[in-house]
Amino acid sequence: MRFPAWPKSLVIAVVAAMLSACGTSGNNFSAGSLADFVPGETTLAQASALLGSYPEQTYATTEGAVTALWSFQVTGLDHLLYRKSALVQFGPDGTFRRIVDTTGVTGGGAGKTHQRETAGFPCGSEQSACP
């Protein structure tokens, strides 16, 4: 059986249409570095350097605290293929307070334990439960 020869322009158009249906949004970041944040010490600028990316969005409160969102996602033809995000809170003094939420970020349990201990909430205390 012999297949008909397709015009080169048709092949290019089909490939271009397939590629245009895929995309990314946000800034990719090194999520493993979240464990290196030290409460009361790490600033937003230092956090950005550790993660290798600026936050996608920041939200300021009237008290001067800032919550920063690092977000990155890859989409396919008609659905989400991959997503990771980290929502991080910085206090009015400009230093890291806590990780509010993460999506698609694995590991980091030891780092979170260190962060809570540094913040004055030892694991196993009544105030917090470390992962």
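Counting begins at 1 with the first residue of the sequence. Bear in mind the structure is a predicted one, so any value in this text is a computation, not a measurement.
- A salt bridge (Lys or Arg N to Asp or Glu O under 4.0 Å) check over residues 50-73, counting only residues at least two apart or in different chains, returns nothing.
- L87 and F96 are members of different hydrophobic clusters when ILVMFWY side chains are connected at heavy-atom separations under 4.5 Å.
- In this structure, L51 is not a member of the same hydrophobic cluster as Y54, with clusters built from ILVMFWY side-chain heavy atoms closer than 4.5 Å.
- With contacts defined as side-chain heavy-atom distances shorter than 4.5 Å, the pair F29/K84 qualifies.
- Residues V88 and F37 approach most closely at CG1-CE2, 4.1 Å, considering heavy atoms.
- Taking both residues in full, the closest heavy atoms of Q46 and E41 are given as OE1-O, 3.4 Å, listed atom of the first, atom of the second, then distance.
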Using a 3.5 Å cut-off and no angle test, enumerate the donor-acceptor pairs between side-chain atoms of residues 64-72 and protein atoms at least two apart in sequence or in another chain.
{"unit_1": "W70", "atom_1": "NE1", "unit_2": "S53", "atom_2": "O", "d": "2.9"}

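- Cluster membership check: V100 shares its hydrophobic cluster with Y59, using side-chain heavy-atom separations under 4.5 Å among Ile, Leu, Val, Met, Phe, Trp and Tyr.
- Of the possible donor and acceptor atoms, one in the side chain of S33 sits under 3.5 Å from a partner among the backbone N and O of L50.
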